[in-house]
Amino acid sequence: MRTVIENMASQLTRVPGVVGVMLGGSRARGEERPESDWDLGVYYRGALDLDALRALAGPEVEVAGPGGWGPWVNGGAWLRVEGVAVDWILRDLDRVGRVWADCRRGHVEVGTQAGHPLGFWSPCYPGEVALGLPLADPTGELTRLKEQAADYPEPLRDALTAATWEAGFLLDTAAKSAARADALHVSLCLSRAVGILVQALHAHHRRWCLNEKGALAVAEQLPDTPADFGTTARGLLAAPGGSAAELTAAVARARELTRETVAALGR
């Protein structure tokens with residue numbers, strides 16, 4: 001299957017507009033299971049020949065062009081190759097470069113994106129390159145970008161660890177809703193607060209956090225993470241309760257978790 005994927009990557013680079021292809025996800029990190037997808041980042045510049053992409057994908061595959069899947073996950077296609085899921089994920093290489101420059105200055109964006117319940121965090125773009133494996137890179141541009149992204153930017157680390165202020169702000173607003181037994185608003189505040197703390201813990205240890213999947217499990221194992229972080233976070237996310245008293249107690253636990261995490265980060 002690896003040979004099939006490498007041949008596909010080579011074919012993709014012949015599509016006008018495509019600069020290179022990277023293997024991403026669990027297979028790039030060596031953490032895959034037998035049923036894991038093959039995620040291919042298709043990096044393009046300028047006008048992309050969608051007709052050529054569709055011809056390569058085949059008549060039964062729908063190819064979404066730039067913007068077709070939302071503002072951050074540009075587009076792509078879901079294929080089945082020899083019974084195995086293969087995902088093409090479009091990435092505008094010039095935009096990736098701009099986001100990488102922003103990250104080096106400590107500027108982060110969080111955008112709304114389908115499939116990302118805590119939002120799409122812009123450092124995902126350079127993080128994908130840092131953790132990915134170039135499969136077809138005729139110009140060497142992806143390889144050079146990967147070498148640059150190997151060094152986690154200190155301004156980005158500072159920005160993401162400082163962003164823990166939002167967790168406290170969310171819990172302040174959640175406390176008011178808890179008194180009214182507003183379970184939806186409190187639950188959303190709790191989940192986002194935990195997500196912010198998880199991002200901060202990754203950044204503190206100079207680790208790229210690409211999305212929500214598996215992020216809590218990684219964060220709770222990091223050296224400076226409070227000992228009860230994972231247990232407390234899962235309790236908050238699984239069953240914050242429905243009554244005013246239960247929700248208020250959940251917010252109080254989240255406040256303590258936030259204080260412990262911020263202290264561990266040295267903020």
[Y] and [X], any side-chain heavy atoms less than 4.5 Å apart:
X	Y	result
L90	P66	yes
Q113	P71	yes
D224	L201	no
L23	L40	yes
V108	D102	no

In Å, rounded to the nearest 0.5 Å, how long is the span from [atom1] of [X] to [atom2] of [Y]?
X	Y	atom1	atom2	answer
L236	R234	CG	CZ	11.0 Å
W38	I5	CH2	CD1	5.5 Å
L160	H202	CG	NE2	11.0 Å
W72	R91	CH2	CZ	9.5 Å
D182	S187	CG	OG	9.0 Å
D92	R45	CG	CZ	8.5 Å

Between E256 and R253, is a salt bridge (charged side-chain N to carboxylate O under 4.0 Å, His left out) present by the stated rule, with each step listed? CA-CA 5 Å; E256 181 59 28; R253 291 196 299 275; over 6 Å; no
Is a side-chain donor or acceptor of [X] paired with a backbone partner of [Y] at a separation under 3.5 angstrom?
X	Y	result
D37	D39	no
T258	A254	yes
D137	L142	yes
T164	T161	yes
T232	F229	no
E246	S243	yes
R192	L118	yes

Connected via hydrophobic side-chain network under 4.5 Å: [X] and [Y]:
X	Y	value
V194	V262	no
V251	F169	no
V42	V63	yes

Any idea which heavy atoms bring [X] and [Y] closest together, and the distance?
X	Y	value
A52	V15	CB-CG1, 3.9 Å
P134	G132	CD-O, 4.0 Å
P155	R105	CB-C, 3.7 Å
V81	M8	CG2-CE, 3.8 Å
G241	L247	O-CD2, 3.2 Å
W88	L53	CZ3-O, 3.7 Å

Do Y125 and F120 have their ring centres less than 6.0 Å from each other? yes
Heavy atoms of other groups near R207 CZ, more than 12 under 6.0 Å: no
State plainly whether the residues R157 and E154 are in salt-bridge range, i.e. N to O under 4.0 Å. yes
Flag the pair R206 and D151 as a salt bridge only when some basic side-chain nitrogen lies within less than 4.0 angstrom of an acidic carboxylate oxygen. no
